[in-house]
Colleague: 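Here's a structure for you.
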There are 2 protein chains.
Amino acid sequence: MTIPTARRRASIADVARIAGVSVGTVSNVLNRPERVLPATRERVEVAIEQLAFVRNGSARQLRAGTITTVGAIVLDLSNPFFTDVVRGIEHRLELDSYTAMVASSDDDPAREHRYLRLFEEHGVLGVMVVPATDEISHLLTLRERGVGVVLLDRPSPVPDLSSVAVDDVLGGELAARHLLEQGHTRITFLNGPHYIRQCADRHAGVVRALEAAGLDPAEALVEVTVPELNADGGEAGIRTLLERGDRPSAVFCVNDLTALGALRTLRREGISVPDDVALVGYDDVTFAAELATPLTSVRQPTHQLGERAADLLLRPPGSPAEQVVFEPELVVRESSTRAA
Amino acid sequence: MTIPTARRRASIADVARIAGVSVGTVSNVLNRPERVLPATRERVEVAIEQLAFVRNGSARQLRAGTITTVGAIVLDLSNPFFTDVVRGIEHRLELDSYTAMVASSDDDPAREHRYLRLFEEHGVLGVMVVPATDEISHLLTLRERGVGVVLLDRPSPVPDLSSVAVDDVLGGELAARHLLEQGHTRITFLNGPHYIRQCADRHAGVVRALEAAGLDPAEALVEVTVPELNADGGEAGIRTLLERGDRPSAVFCVNDLTALGALRTLRREGISVPDDVALVGYDDVTFAAELATPLTSVRQPTHQLGERAADLLLRPPGSPAEQVVFEPELVVRESSTRAA
DNA sequence: TCGCCGTGCTGAAACGGTTCATAATGTAAC
DNA sequence: GTTACATTATGAACCGTTTCAGCACGGCGA
């Protein structure tokens, strides 16, 4: 058992003493080396090395107010969508030597508040948040207190708050239009509840595509609400359909996990994808292309989403707010294209 | 365009003035409310509310030395294995109201160093690190300076450094033994290069299983080194085999992504899994169970890995170092069990 | 010789909390 | 009425930096 040496960390004063200079000079060596004579600088650097001196970030920040840290809160770090967004954020921050504190709220507003408070106490420059609920007044008051705020994956409801989102209506439209182009005249949509903005928007997109094709959504669209937005939800959705005796020809799933469950269940029932049923997912997760039947999916520019959010946050204070909306892209694979 | 109010954040002195008490009393309200008369406390709380006062974490930490932040560095946040580990860490930290700063090093030692320095400057209690290389002397010196260190997913090479890892030798053995029990007498192993510890260990496990079964590894084991540890690597591995005219009956893949590529390629060549070839993966990623042919895989206790690491880090200083090694578990699914 | 200027360094104030010795006040015991 | 003690509140010292007014010194022009 080793007793950790509880020896106090070396301070700038210790360095100054060893080097035979004043604390001000040590600080200059650290922050404006050009103001210090090379000979003096050398002595200070040797002392720093010798003491293994590491600046105390708290004192530094307290005095200088300098902040190179930002916060990011996403709903779920185990969802590839959000981890990709975070990668984009980190990527952009690195350019300016900023660093991110990352946390997941797990859809829990209380956790979101806890992390926001922590970030604020640590004096972050700003935060990027995927809000757990539609209630964002706390983010507005946070901003009033001087903390930068950028909404992630959610368009801002007020014009003076920056946000970065993806056009989910367009995403739904792309998916539906593709299926219509494949000759289908009736689309089954395995969707989540409409109080989730993404679900409502994607639904609106499907409706738009149907109307553009001269079809009546009341007839041409069958919407099935799945209990969960994952593979089990997809399985349940397909079973519901089959039990009603409704055998779809084209299925659009609100995300790839749901599509995965649908695919599995259709197969087990002896229904071939894409020969009997065309299937389209959403998110284009990494394994979508790797399935036995590669999955057609709507890809969102996750990396750019994060990069742009960080970009907006790092702009000089006083810059006008911006609402950025990215366009999703359809990636066509085997699951929706009947073999020639 | 809104001009952000550059108004200074309210300080504890402001609160004291408004409430008509001293700064010490405000501090007591915040930290030891039971020492303050309810009436006084009330007045202070009203003032806090009124000023929207938020403690300055830097000043707090500078003076009190109190630290409730820890750092975690993993190789790649977009790998589900690591995100699950991080979830475990967060889960454990939450019990004691600690918070984690998370970063990914991308296998880059320079990034690892940069984040470690940042964490140290911010006075973290300790760090949990999946080291990017075998070189860990910087972690030892970091610990000498009073920062807690726990190695993640890597057994410690020195006895007085704590670590949390999974027994990869056992994992390899479990996979191989399972295939042998299915009646196979020759195992093909799609593996990565042995300088990656996990690959070398899993190989050793396979050898152990073969020897235990009385087989000569020189004959019963065919190892194919794949160019990448992902689906393309798996595809390449299978193609190499088939081009040599070697049609395996049992394939063990070093991870699930590799297995995915192998599965896809075998299928395309008209080789059935599991009827013609038994297939086993490693990691038990979320979609392993969701494939058209659900994949047998070696599951690692990722969540526990993270929880335990955080646990070790939070122990009182001076606690003896511990090397924790978890046991992996085989999850048998269709891909390796020939239909009866 | 004197005054002026630029360079390099010094040392103390300030940042915003926590902590602790001390003061003020009230209560109980004798 | 005095002493002893518990309860609350006070305010100054302190944490380790950055910043900045000012000092020492040497060189230069008049």
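Note that the structure is a prediction, hence the values are computed from the model and not measured.
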Colleague: For N56(A) and dT17(D), is the shortest distance between a side-chain N/O and OP1 or OP2 below 4.0 Å?
Modeller: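 No.
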Colleague: Tell me whether the side-chain N/O atoms of R35(B) come closer than 4.0 Å to OP1 or OP2 in dT8(D).
Modeller: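 R35(B) to dT8(D) OP1/OP2: no side-chain N or O under 4.0 Å.
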Colleague: Could you tell me the separation between the CD atom of Q61(B) and the P atom of dT18(C), rounded to a whole number of Å?
Modeller: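 So the CD-P distance, Q61(B) to dT18(C), works out to 12 Å.
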Colleague: If you go through the side-chain atoms of R63(A), does one of them form a donor-acceptor pair with the base of dT18(D) closer than 3.5 Å?
Modeller: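 Looking at the base of dT18(D), it does pair with a donor or acceptor on the side chain of R63(A) (distance under 3.5 Å).
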Colleague: Applying a 4.0 Å non-hydrogen cut-off, can you work out what L37(B) is touching in the nucleic acid: base, sugar-phosphate, or nothing?
Modeller: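 Counting heavy atoms under 4.0 Å across all strands, the contact made by L37(B) is with sugar-phosphate only.
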Colleague: Could you tell me whether the side chain of I12(A) reaches within less than 4.5 Å of the side chain of F53(A), counting heavy atoms only?
Modeller: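 F53(A) vs I12(A): side chains touch.
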Colleague: For a quick check of understanding: with a heavy-atom distance under 4.0 Å over all strands, which category does S58(B) fall into, base, sugar-phosphate or nothing?
Modeller: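 Here S58(B) touches no strand at all.
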Colleague: Count the heavy atoms of every other residue, nucleotide or ligand shown that sit under 6.0 Å from CZ of R41(B), and state whether that count exceeds 12.
Modeller: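 It does: R41(B) CZ has more than 12 such atoms within range.
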Colleague: Among the nucleotides dG11(D), dC15(C), dT10(D), which one has an atom lying closest to any side-chain atom of V23(B)?
Modeller: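 Side chain of V23(B) sits closest to dG11(D).
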Colleague: For dC9(C) and T40(A) - does any side-chain N or O of the residue sit under 4.0 Å from the phosphate oxygens OP1/OP2?
Modeller: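 Yes, because at least one side-chain N or O of T40(A) sits under 4.0 Å from OP1 or OP2 of dC9(C).
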Colleague: Side-chain contact test, heavy atoms from C-beta onward, threshold under 4.5 Å: evaluate it for Y115(B) versus R117(B) and give yes or no.
Modeller: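 They are not in side-chain contact.
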Colleague: At their closest point, which heavy atom of S104(A) faces which heavy atom of R87(B), and how far apart are they?
Modeller: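 That closest heavy-atom pairing would be OG-NH1, 3.7 Å.
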Colleague: Toward the 5' end of DNA chain D, which comes first, P38(B) or N31(A), by nearest nucleotide?
Modeller: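 The residue whose closest nucleotide sits nearer the 5' end is P38(B).
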Colleague: Is S22(A) close enough to dG11(C) that one of its side-chain N or O atoms is under 4.0 Å from OP1 or OP2 there?
Modeller: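 Checking dG11(C) against S22(A), no side-chain N or O comes under 4.0 Å of OP1 or OP2.
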Colleague: Nearest whole Å is fine: how far is dA9(D) C1' from R43(B) CZ?
Modeller: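 In whole Å, dA9(D) C1' and R43(B) CZ are 11 Å from each other.
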Colleague: Answer with base, sugar-phosphate or nothing: what part of the nucleic acid does V36(A) contact at a heavy-atom distance below 4.0 Å?
Modeller: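 Sugar-phosphate contact only.
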Colleague: Using atom types as modelled and distance alone, determine if a side-chain donor or acceptor of Q323(B) lies under 3.5 Å from a backbone N or O of L161(B).
Modeller: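 Confirmed, Q323(B) side chain pairs with L161(B) backbone.
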Colleague: Which is true for S27(A) with a 4.0 Å heavy-atom rule: it touches a base, it touches only sugar-phosphate, or it touches nothing?
Modeller: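 Touches a base.
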Colleague: Would you say a side-chain N or O of N28(A) is under 4.0 Å from OP1 or OP2 of dT18(D)?
Modeller: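 So the side-chain polar atoms of N28(A) never come under 4.0 Å of the phosphate oxygens OP1 or OP2 of dT18(D).
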Colleague: Any side-chain N or O of R55(B) under 4.0 Å from OP1/OP2 of dT18(C)?
Modeller: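 Indeed, a polar side-chain atom of R55(B) lies that close.
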Colleague: Heavy atoms only, 4.0 Å cut-off, all strands: where does R32(A) land among base, sugar-phosphate and nothing?
Modeller: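 Here R32(A) touches the backbone only, sparing every base.
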